[in-house]
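Have a look at the structure below, then the notes.
Keep in mind that this is a model prediction, so the values were computed, not measured. Convention: sequence-line order gives letters A, B, ...; per-chain numbering from 1.
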Amino acid sequence: MIPKGRVSTYGAISDFLSLGSARMVGWALNNLGNQREVVPAHRVVNRKGELSGRMFFHPPELMSELLKSEGIVVIDHHVLDFENVFWYPRQLEY
DNA sequence: CCTATGACGCCGG
DNA sequence: GCCGGCGCCATAG
């Protein structure tokens, strides 16, 4: 659900879905399997706006490339202007 | 069973 | 704001 041009965090998603642990979001993303195509995993960063999961992309630079193609500026593995780009999960948004 | 290890994050000092 | 400690929970060994 994360809109293009925005990013969310492991903690926010865990909180919204009441998963009990932000780690579970990382676990889920790592076990997407065939759903990799429909889940925008590249839009999930840690609470500091850092691309902590970049090593799971092939190649690793793909994560920042995807974000850049959506208008997000990434500098040194960090989302620029993170506070304003951050998106907290809601019901739906069009 | 028990320990260690994470795509993590809150809290206290 | 940084850092250590700890809670979190699925998995591997």
Side-chain angles (χ1 to χ4, degrees):
Chain A
M1 291 168 57
I2 309 175
K4 281 186 182 179
R6 308 289 298 277
V7 299
S8 194
T9 66
Y10 300 95
I13 295 170
S14 166
D15 185 52
F16 181 68
L17 299 178
S18 302
L19 299 183
S21 168
R23 291 184 184 281
M24 294 302 94
V25 178
W27 178 87
L29 293 180
N30 197 22
N31 289 281
L32 284 176
N34 53 333
Q35 309 234 12
R36 273 195 154 298
E37 310 150 9
V38 293
V39 178
H42 59 285
R43 297 181 194 146
V44 183
V45 300
N46 69 14
R47 73 157 172 179
K48 296 181 290 190
E50 179 186 10
L51 280 55
S52 51
R54 64 184 181 281
M55 300 312 250
F56 288 76
F57 289 78
H58 302 291
E61 307 83 50
L62 179 59
M63 185 174 185
S64 55
E65 291 298 324
L66 290 171
L67 290 174
K68 181 190 294 185
S69 74
E70 298 179 353
I72 292 176
V73 181
V74 177
I75 299 178
D76 195 28
H77 308 315
H78 285 263
V79 173
L80 188 66
D81 198 24
F82 172 61
E83 289 77 9
N84 292 304
V85 178
F86 172 67
W87 181 84
Y88 190 88
R90 298 166 233 183
Q91 275 311 91
L92 275 180
E93 185 170 284
Y94 289 97

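- A heavy-atom distance below 4.5 Å is not found between the side chains of A/Ser8 and A/Tyr88.
- To the nearest angstrom, C1' of B/dA7 lies 9 Å from CZ of A/Phe57.
- With B/dA7, B/dC10, B/dG6 as the candidates, the nucleotide lying closest to the side chain of A/Arg47 is B/dC10.
- Residue A/Met24 contributes atom CE, which lies 9 Å from atom C1' of B/dG6 at whole-angstrom precision.
- In this structure a side-chain-to-backbone donor-acceptor pair under 3.5 Å is present from A/Arg54 to A/Leu51.
- The minimum heavy-atom distance between A/Phe57 and A/Ala41, with the atom names listed, is CZ-C, 4.0 Å.
- If you take CZ of A/Arg54 and P of B/dA7, they are 11 Å apart, rounded to a whole angstrom.
- Linking ILVMFWY side-chain heavy atoms closer than 4.5 Å, directly or via other members, places A/Phe16 and A/Val85 in a single hydrophobic cluster.
- Rounded to the nearest Å, the gap between the C1' atom of B/dA7 and that of C/dC2 is 23 Å.
- The shortest distance between side-chain heavy atoms of A/Arg90 and A/Met1 does not fall below 4.5 Å.
- Taking atom CG of A/Leu19 as the reference point, atom P of B/dA7 lies 17 Å away to the nearest angstrom.
- Judged purely by atom type and a 3.5 angstrom limit, A/Asn46 uses its side chain to pair as donor or acceptor with the backbone of A/Lys48.
- Between the NE2 atom of A/His77 and the P atom of B/dA7 there is a distance of 15 Å, given to the nearest Å.
- Nucleic acid contact class of A/Arg36 (heavy atoms, under 4.0 Å, all strands): base.
- Using a 4.0 Å heavy-atom distance criterion, A/Asn46 is classed as a sugar-phosphate-only contact.
- When each of A/Trp27 and A/Gly20 is assigned the nucleotide of DNA chain C with its nearest heavy atom, A/Gly20 is the one assigned upstream, toward the 5' end.
- Of all nucleotides in DNA chain C having an atom under 4.0 Å from a heavy atom of chain A, the first and last in 5' to 3' order are C/dG7 to C/dT11.
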